[in-house]
Amino acid sequence: MRVSKAFIPTLKEVPAEAEIASHKLMLRAGLIRKLASGLYTYLPVGWRFIRKIEAIVREEMDRAGALELVMPQLQPIELWEQSGRAKIMGREMMRLNDRNERPFVLGPTHEEIITNLAANEIRSYKQLPKNYYQIATKFRDEIRPRFGVMRAREFIMKDAYSFDATDAGANLSYKAMYEAYTRIFHRCGLDAVPVEADTGAMGGSSSHEFMVPASVGEDQMVRCSDCGYSANLEKAECVAENPSELTGDRTALQPREVLTPGQKTIEQVAAFLKVQPCDLIKTLIYEADGKATAVLIRGDHEVNEVKLKNILGCEELSLANAEVIESVTGGPLGFSGPVGLKNVPLVADISVMSMKVGATGANKADTHLMDVQPGKDFTPLKTADLRVAKDQDICPRCGKKVTLSWGIEVGHCFKLGTKYSQAFNATYLDENGKEQIMIMGCYGIGVTRTAASVIEVHNDKDGIIFPYSVAPYHIALLNLNPSVTPMTEYCEKLYNEFQALGYEVLYDDRDERPGFKFKDADLLGLPIRVTVGERNFNQEMVEVVRRSNKESVLVSQGELIATLSKIKEDLLKELC
RNA sequence: CGGGGCGUGGCACAGCUGGCUAGCGCGCAUGGUUUGGGACCAUGAGGUCGCCGGUUCGAAUCCGGCCGCCCCGACCA
């Protein structure tokens, strides 16, 4: 492509709306333009980039035996009512009616559609397993779209759905996708970390998220560099910490009331009682599906509501208001405690139960209890891991320390089990002619988010640094002075020659000053730059620069092709 | 949905407590000089000041409503 004929509207200034590197650069390099919040046009170069990623995804999905198809974006809402997700995903779905006022949604995902298809088409175990995938637009009415295409309302996703006859088969399907994902992200130049995840609204038994470590990520993960344990924050397991060292015999201690006027928060109470937050037992009153429940957590910890939900087996979970707290505990908000608490189920985090002694609310205004001993002064109905993991926590697998970091979720694999196949009666006849329910899995990759992640990870102060594998073009060919005829003839020759050799070339043939072309080339970030300028041309030399490290070599015209293939090889090797 | 901020040529911004033909830089067009890191000179095009209403002799500026955009939070496959 000749730059003079192309549409690459680069910007010298940073648009005010962009906050993070990838968003700024995608706008500045002329990859995308915004139509409205969370809605973007992919301009020609941006679209080439997306298609490169799609091609890798396609290759690896095909290699893993998945079958590509395309499903409608516009979907009758009945299917969503059938699965029960019309309510669950209610506000997130874009809804609209047709001319007959029949309700439709713009598909945020396609479990319902594909399961409906499988239910209609698959009859026999002989047709299983099957894995269908598509690369298509998804619509989600995000509460807060942000960071350009990182969290958009309309975006491209690769979604795959596996159907198996047996659990063992489903596990194999899952494993094949897990491996395909590992390869895909790697080939895109991303170090995506697979982390254990909660299945959330998707349902199912287990899942992994693929996270690209990045400070601008919207998700948090816990990782152990020692044993490799990794999980997202919702899922990350915690172990009871060693109880604080205590001297002497405490068994004789009895809870004693102390006045703590107006001291409600953990910080206030800890400071007032001259103890550490970890010496406090925080008591939170939740309403689980409308039923009040007391939850105990150490003062310096936070409740992980996903874990709590799973332990309680409830759908809806929220903190109770002051009236409920008063009616359940007899005391005002801020002074709840487990001692003497009746008529309400009590669940405790394991770290609370490993405390020797602690301070907690007395269920009485302006009063706390000190010297409370878990297990002696109160006994919870259930003790479980209920807290949010923290940086430097003990690794639940190997006992070393974990680290907490931010990441961008670019992919997600779920074992769905039979949640959807049951709802849509997706059954088959087994070898014995007996009807069985199919076992499903689903697997998503945010293609456009992956694109943003690639740029988020690969850039410098001058612009994007495209990995060779996904670069919109491989070579930026710069003709520094198109008015010099022999040089331009040489550039034309190179342009054709490179393409004949399979390189995708962006030829800057514009009548612009050299500096202008260099800046644009750096901003756009194609992996290899070939510069033809008079100074070197007269010596029959050409300059070749790698965008990644700005390493420049001056080679004779005769060596050029060999140099390029060497660099290409190097750049591809970096991805392996 | 709560909190905060913003809306002025394509981009980035100035325009103070109400006052002149609404300005600067970048970009764009034309001509010329330039040609290895976003050149220079000259000329020029381009603006319903987000929209609607109000106050006023007079509103980009003050007031009200609406819309849009961004950030924080809640929320979220």
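Chain A is the first sequence line, chain B the second, and so forth, proteins listed ahead of strands; every chain is numbered from 1. Keep in mind that the numbers below use all heavy atoms, side chains included, and drop hydrogens, waters and symmetry copies.
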Pair partner, B/C28 [Watson-Crick or wobble, under 3.5 Å]: B/G44
Heavy-atom check, side chain of A/Val542 versus side chain of A/Val532, under 4.5 Å: yes
Whole-Å gap separating P (B/G36) and CZ (A/Phe516): 16 Å
Watson-Crick/G-U partner (both atom distances under 3.5 Å) of B/U55: none
C1'-based separation of B/C26 from B/C67 [nearest Å]: 29 Å
A/Asp508 CG to B/G38 P, straight-line distance once rounded to whole Å: 15 Å
Among B/C72, B/U35, B/C1, the one nearest A/Arg146 by side-chain distance: B/C72
Integer-rounded Å distance: B/C26 P and A/Lys519 NZ: 17 Å
Nearest-nucleotide pick for A/Arg144, side chain only, options being B/G37, B/A39, B/G73: B/G73
Length of the CD1-P vector between A/Ile20 and B/C72, whole Å: 10 Å
Nucleotide nearest A/Arg91 when distance is taken to its side chain, options B/C75, B/G37, B/C70: B/C75
For atom CZ of A/Arg510 and atom P of B/G37, their distance in whole Å: 16 Å
Watson-Crick or G-U counterpart of B/G18, or none if no pair lies under 3.5 Å: none
Parallel, tilted or perpendicular: ring planes of A/His23 versus A/Tyr40, cut at 30 and 60 degrees: perpendicular
d(NZ, A/Lys517; P, B/A39) in whole Å: 12 Å
Out of B/U35, B/C71, B/C11, whichever nucleotide has its closest atom nearest the side chain of A/Pro15: B/C11
Closest to side chain of A/Asp520, choosing from B/G38, B/C70, B/C76: B/G38
A/Cys491 backbone acceptor or donor facing A/Tyr507 side chain under 3.5 Å: no
Nucleic acid contacts of residues 5-13 of chain A, taken as heavy-atom distances under 4.0 Å to RNA chain B: A/Lys12, A/Glu13
